[in-house]
Number of protein chains: 2
Amino acid sequence: MSRRKFVTLAHGGGGKASSDLIEDIFMPEFSNELLESLSDGAVFNAPPGGRLAFSTDTFVIDPVFFPGGDIGSLAVHGTVNDLAVSGSVPKYLSAGFVLEEGFSLKELKKIARSMGEAARECGVSIVTGDTKVVARGGADKIFINTSGIGFMPDGVEISPKRVKKGDMIILSGSIGEHGIAILTLRKGLEFDTELVSDSRPLHELVKTMLEAETGIRMMRDPTRGGLAAALNEIAASSGNGIIIEEKAIPIKDSVRGVCEILGLDVLNVANEGKLVAFVPPESADKVLSAMREHPAGREASIIGSVGGTEPGRVEMKTEFIGSRIVEPLVGDQLPRIC
Amino acid sequence: MSRRKFVTLAHGGGGKASSDLIEDIFMPEFSNELLESLSDGAVFNAPPGGRLAFSTDTFVIDPVFFPGGDIGSLAVHGTVNDLAVSGSVPKYLSAGFVLEEGFSLKELKKIARSMGEAARECGVSIVTGDTKVVARGGADKIFINTSGIGFMPDGVEISPKRVKKGDMIILSGSIGEHGIAILTLRKGLEFDTELVSDSRPLHELVKTMLEAETGIRMMRDPTRGGLAAALNEIAASSGNGIIIEEKAIPIKDSVRGVCEILGLDVLNVANEGKLVAFVPPESADKVLSAMREHPAGREASIIGSVGGTEPGRVEMKTEFIGSRIVEPLVGDQLPRIC
């Protein structure tokens, strides 16, 4: 990255270039322990003795309305999920809008309604906000930042540093639906089956999981950059190798079909209602059963385990050709996916 | 506003149209007590018994670099100040970037450095972040959202509801510098004296003030929309009238001159390093003296008091023509001022 002089779309892809940007530009300037944990949310102590999680995400998705949601519901689910996979109970959200002059007030109302509904469904309140307007052409329609605060339950500690050899890796359901739904919509592609984003809140699923096993070591929602980026980040920050099994990963036929036609690797495609969890081996079955009882985890499955390959590497046993290394994308195959 | 169908620049001006947008679009959907307080920050309880302030602001200022700061330092000062005038000690910030493809990495680095320096000066840590990139033309250079968390000291309660007839109104220093610095820069106007933004953190000034008088009733930093918008909002939410004295309001000659040439009312011009405080009359002198001891409050003065006119109205005794009503701007005289 040092040789590049300008921001590229790849810097926003959630893969290698995004990590480089953070490492090269932001980390040296902002440097502090909480940020360096590179978690989805920062967890800190608040007087007189509580623990809070804090997370932020800006949504620039295009198009604004899509099958399965819109930028408003996505902005609520996205931050709620980041707080949930940090182990916390999401409580309060902020909402920061950047609006393009000329954006329809009717659509804005629809988006606000969808945010309100999503917030109620997630048990969070949008307690503070800000609205900026830029002249026509200065932004594309609407961008929404949501930041959020969650309360950490006692005894819960979610961190890649806690991931150990032998941990089992559980995926909560089928992957690739959000990215493929947006991509086909944007390109005007039509298929027999409707492709719908999986955008949904995960806070209740996480609650169920932590009730089954307080000692869950790590969770992440594989959004931008997909499962490949999420697993590679965890492998890198935990200093462990990861092996997953291709046939254990649930993928809907419709998603598989589109990926084959367009030559996309589904492991790089964004999800907005799924999580991966790293669980001590002895409690994997217990957590898996609990997840399957919940609508958001009905198709949960153990997709792999920690160890068995070089530290920092993610390897996948494939159905046909032995095994291959899973790498995060360097570029951005789907800009503005969230 | 009900007859308008599209977002206009006025909706982002911080005046009447901004309030209407919040009242008509966001409030009905997000409705909750904390949001309805319309404070700069939401204050809530966190287990096992602490109180926190939470605030958000997105910065879209154009140009990105200006005399006295840049979008990075402004983004830190802005949210730190919102937390401070909520009565809290600012602690943690999030940073959400929207970058335009092609933005210079050198400039991004400069902005990140300036954010880091500002954060250290303010005693806050940037603990969580997010970066999105949109294709060229999808955004203008760089937008930054900062959200922040502050810890509330015991006994402090800042709210327009606590404002009472007879309260004295203290302004921390001269007004209009930020808005006029940006405006002249943007229009390429040149004047004899350099116009510099007043962007600066106010957390230490607030600390000094609360040490002098825990019972300060209300504070606000008169940013977008200027002193006129801030006082009108407080008059409206407190249900009291406000009378201020024109000759008591500090204004630098350079700012006054530009306002006269361009026909701007300095009361509508944005500030980024000033606050107004509503103080019980018996402690006004004590708070004023404490403020004047601090570099950020050296020119503090009592500019008026609560009562003496109709509830919700702000009136100004002028130097020449008796008195006039001070109204918030309906439009936006300076888009993208912060």
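In what follows, every chain begins at residue 1, and chains take the letters A, B, ... in the order their sequences are listed.
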J.: Please confirm whether the backbone N or O of A/Ala75 pairs with a side-chain atom of A/Thr146, one donor and one acceptor, at under 3.5 Å?
T.: yes
J.: Which donor-acceptor pairs under 3.5 Å do the side chains of residues 151-161 of chain A make with protein atoms, sequence neighbours left out?
T.:
from: A/Ser159; atom 1: OG; to: A/Lys161; atom 2: N; distance (Å): 3.0

J.: Which region of A/Pro335, side chain (C-beta onward) or backbone (N, CA, C, O), has a non-hydrogen atom less than 4.5 Å from a non-hydrogen atom of chain B, or is it both or neither?
T.: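 Neither part; nothing is under 4.5 Å.
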J.: Check whether A/Leu52 gets within reach of chain B through its side chain, its backbone, both or neither, counting any heavy atom under 4.5 Å.
T.: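 Contact with chain B is through the side chain of A/Leu52 alone.
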J.: Just by distance, do the side chain of A/Ser88 and the backbone of A/Leu83 share a donor-acceptor pair under 3.5 Å?
T.: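 Here the side-chain-to-backbone pair exists.
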J.: Side chain to side chain contact (heavy atoms under 4.5 Å, CB included) between B/Asp57 and B/Asp82: does it pass, once the steps are laid out?
T.: CA-CA 9 Å; B/Asp57 219 335; B/Asp82 283 346; 3.4 Å; yes
J.: For chain B, find which of A/Lys132, A/Lys109, A/Glu101 contributes the most heavy-atom pairs closer than 4.5 angstrom.
T.: A/Lys132
J.: Does any heavy atom of chain A fall under 4.5 Å from the side chain of B/Glu100, the backbone, both, or neither of them?
T.: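 It is the backbone, since no side chain atom gets that close.
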J.: So for A/Val127, is it side chain, backbone, both, or neither that comes closer than 4.5 Å to the heavy atoms of chain B?
T.: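 For A/Val127, heavy atoms of backbone and side chain both lie under 4.5 Å from chain B.
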J.: Select, from B/Asp140, B/Leu35, B/Ile22, B/Leu34, the one with the greatest count of heavy-atom pairs under 4.5 Å involving chain A.
T.: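 Option with the top pair count is B/Leu35.
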J.: Salt bridge or not between B/Asp130 and A/Arg224? Use side-chain N to carboxylate O under 4.0 Å.
T.: yes
J.: For A/Ala139 versus A/Val98, what's the shortest heavy-atom pair and its separation?
T.: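 Result for this residue pair: CB-CG1, 4.2 Å.
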J.: Using a cut-off of under 4.5 Å on heavy-atom pairs, state which of B/Leu108, B/Ile111, B/Leu99 scores highest against chain A.
T.: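 Looking at each option in turn, the highest pair count goes to B/Leu108.
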J.: List for me each residue that meets ring pair (Phe, Tyr, Trp, His ring centres under 6.0 Å) alongside B/Phe44, sequence neighbours excluded, and say none if there are none.
T.: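 Partners of B/Phe44 by the ring pair (Phe, Tyr, Trp, His ring centres under 6.0 Å) criterion, ordered by chain and then number, come out as A/Tyr92.
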J.: Side chain, backbone, both or neither: which part of A/Phe143 has an atom under 4.5 Å from a heavy atom of chain B?
T.: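 Just the side chain, heavy atoms under 4.5 Å.
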J.: Run the numbers on B/Asn81 and B/Thr79 for side-chain hydrogen bond (donor to acceptor under 3.5 Å, both in side chains), then give the verdict.
T.: CA-CA 5 Å; B/Asn81 290 349; B/Thr79 292; over 6 Å; no
J.: Heavy-atom pairs under 4.5 Å with chain B: which of A/Ser18, A/Pro48, A/Ala46, A/Ala42 has the most?
T.: A/Pro48
J.: Could you have a look at A/Val134, A/Asp40, A/Thr8 and say which one has the most heavy-atom pairs with chain B under 4.5 angstrom?
T.: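 Option with the greatest count: A/Val134.
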J.: Go through A/Phe59, A/Phe54, A/Phe103 and name the one with the most non-hydrogen pairs under 4.5 angstrom from chain B.
T.: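 Among the listed options, the one with the most contacts to chain B is A/Phe54.
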J.: Please determine, among A/Gly129, A/Ala119, A/Gly13, A/Gly137, the option with the most heavy-atom pairs under 4.5 Å with chain B.
T.: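 So the answer, after comparing A/Gly129, A/Ala119, A/Gly13, A/Gly137, is A/Gly129.
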J.: How are the rings of B/Phe26 and A/Phe97 set to each other: parallel, tilted or perpendicular (split at 30° and 60°)?
T.: parallel
J.: If you count heavy-atom pairs within less than 4.5 Å of chain B, which of A/Gly138, A/Cys338, A/Gly12 leads?
T.: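 The residue among A/Gly138, A/Cys338, A/Gly12 with the greatest pair count is A/Gly138.
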J.: Please state whether the side chain, the backbone, both or neither of A/Arg120 comes within less than 4.5 Å of a heavy atom of chain B.
T.: side chain
